[in-house]
Chemist: 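Here it is: the structure, laid out below.
A, B, ... follow the sequence lines: proteins, then strands. Residue 1 opens every chain.
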There are 2 protein chains.
Amino acid sequence: MFIGEFHHNIDDKGRIAIPSKYRDILGNSFVITRGIEHCIYVYPNDTFNHIVTKLEGLPFTKKDARAFTRFFMSGATAIELDKQGRVNIPRPLITYANLSKKCVIVGTGDRLEIWDEEAFNEFMSSCNDEMSDIAENLFEEKI
Amino acid sequence: MFIGEFHHNIDDKGRIAIPSKYRDILGNSFVITRGIEHCIYVYPNDTFNHIVTKLEGLPFTKKDARAFTRFFMSGATAIELDKQGRVNIPRPLITYANLSKKCVIVGTGDRLEIWDEEAFNEFMSSCNDEMSDIAENLFEEKI
DNA sequence: TATTTATCCCCCACTTTTCCCCACAGTCTA
DNA sequence: TAGACTGTGGGGAAAAGTGGGGGATAAATA
């Protein structure tokens, strides 16, 4: 399970170090792809494959299915860590997530998310005030 | 499985390089055809044949079936890669997809899509805002 | 039928990108 | 304080993408 928050830099070549605590779980090969709030998702292979299976069940004749599949699959890249434990983020994803230098890598249970630091801070502070309302409707019963 | 996003140029002769990562999957001969959002679809032979079988199951007495089959089949061309790993896109498809120079080639699971770069950016940015909503309604249950 | 025009392929060469390796610096631990 | 680990930066080799030239084949015109 992925938990925690780490602050790393992405260099000019588009490389960023995966926190060493995550490498044990991820192994040496995994998948990164576009995430929904302009961040980057990092999935272990089997988790990613599970989602792909679900998406392949959707017909390409449906507009939303095409759009989301395109969004999710076109952003995906199979990743191998280099000897220093870094990943090479493809340009399109760097642009999409608006990564400049300072990045935040957070664990969210079954995946990692890579955010531009500024965007992350902004998102979190904008959410904090509403969190009470957000939580309100998540569950009907005691969890 | 096709994933990822690549930016290549189409030259004056109508040739465009297929990203080398895709060539392993596609092999040397495959099919390209008209795609739904004014892009070009690229299918491995057996995937294409599978779709054709499905389309042949539709009655030609239905207007929509005729229209879509005509759309999909008339655009199709059998393709062979040249020795440099490029395909020669037929003029009608170049016109249809509005390809000028900068193109985007994306993997969307079972096929590739070739887009004019500008058109692709436009489509993606128009989707990005809605992606949260689109995802919202794709599945009812946990995937 | 002969000549021209266009199209398609293949080959060569240049440029750019990607990947791999090495080296250094800061931090934590023993 | 020494050693190991983690994060950061850069250089060089290999691969991938791009563009143009030339020859073969096919279509078009006189």
Chemist: Is there any side-chain hydrogen bond (donor to acceptor under 3.5 Å, both in side chains) pair reaching into residues 51-72 of chain A, and which pairs are they, with sequence neighbours excluded?
Modeler: A:Arg66-B:Glu37, A:Arg70-B:Glu37, A:Arg70-B:Glu113
Chemist: Determine which pairs satisfy ring-ring contact (aromatic ring centres under 6.0 Å, His included) with at least one residue from residues 122-143 of chain A, sequence neighbours left out, and list them in order.
Modeler: A:Trp115-A:Phe123
Chemist: Please report whether the ring centroid of A:Tyr43 lies less than 6.0 Å from that of A:Phe2.
Modeler: no
Chemist: So A:Thr77 and A:Val87, side chain to side chain contact (heavy atoms under 4.5 Å, CB included) or not? Walk me through it.
Modeler: CA-CA 11 Å; A:Thr77 312; A:Val87 300; over 6 Å; no
Chemist: Looking at CG of B:Leu81 and CZ of B:Arg15, how far apart are the two atoms once the value is rounded to the nearest 0.5 Å?
Modeler: 13.0 Å
Chemist: Rounding to a whole Å, what distance do you find between A:Ile79:CD1 and C:dC19:C1'?
Modeler: 12 Å
Chemist: Counting only heavy atoms not in A:Asn128 (residues, nucleotides, ligands), do more than 12 fall under 6.0 Å from its CG?
Modeler: yes
Chemist: Walking along DNA chain D from 5' to 3', note the first and the last nucleotide with an atom under 4.0 Å from a heavy atom of chain B, and give both.
Modeler: D:dA16 to D:dG22
Chemist: List in numerical order all residues of residues 80-104 of chain B for which some heavy atom is under 4.0 Å away from an atom belonging to DNA chain D.
Modeler: B:Arg86, B:Lys101
Chemist: Whole angstroms only, please: what is the CG-P distance between B:Asp12 and C:dT7?
Modeler: 13 Å
Chemist: Rounded to the nearest Å, what distance is computed from the NZ atom of residue A:Lys13 to the C1' atom of nucleotide C:dT18?
Modeler: 9 Å
Chemist: What pairs meet the salt bridge (charged side-chain N to carboxylate O under 4.0 Å, His left out) rule with one or both residues in residues 78-87 of chain B, with sequence neighbours excluded?
Modeler: B:Asp82-B:Arg86
Chemist: Nearest-nucleotide wise, let me know which of B:Arg15 and B:Lys21 is further upstream toward the 5' end of DNA chain C.
Modeler: B:Arg15
Chemist: Under the ring pair (Phe, Tyr, Trp, His ring centres under 6.0 Å) test, which residues partner B:His50, sequence neighbours left out?
Modeler: none
Chemist: Is A:Ile18 touching bases, backbone alone, or none of the nucleic acid, heavy atoms closer than 4.0 Å?
Modeler: sugar-phosphate
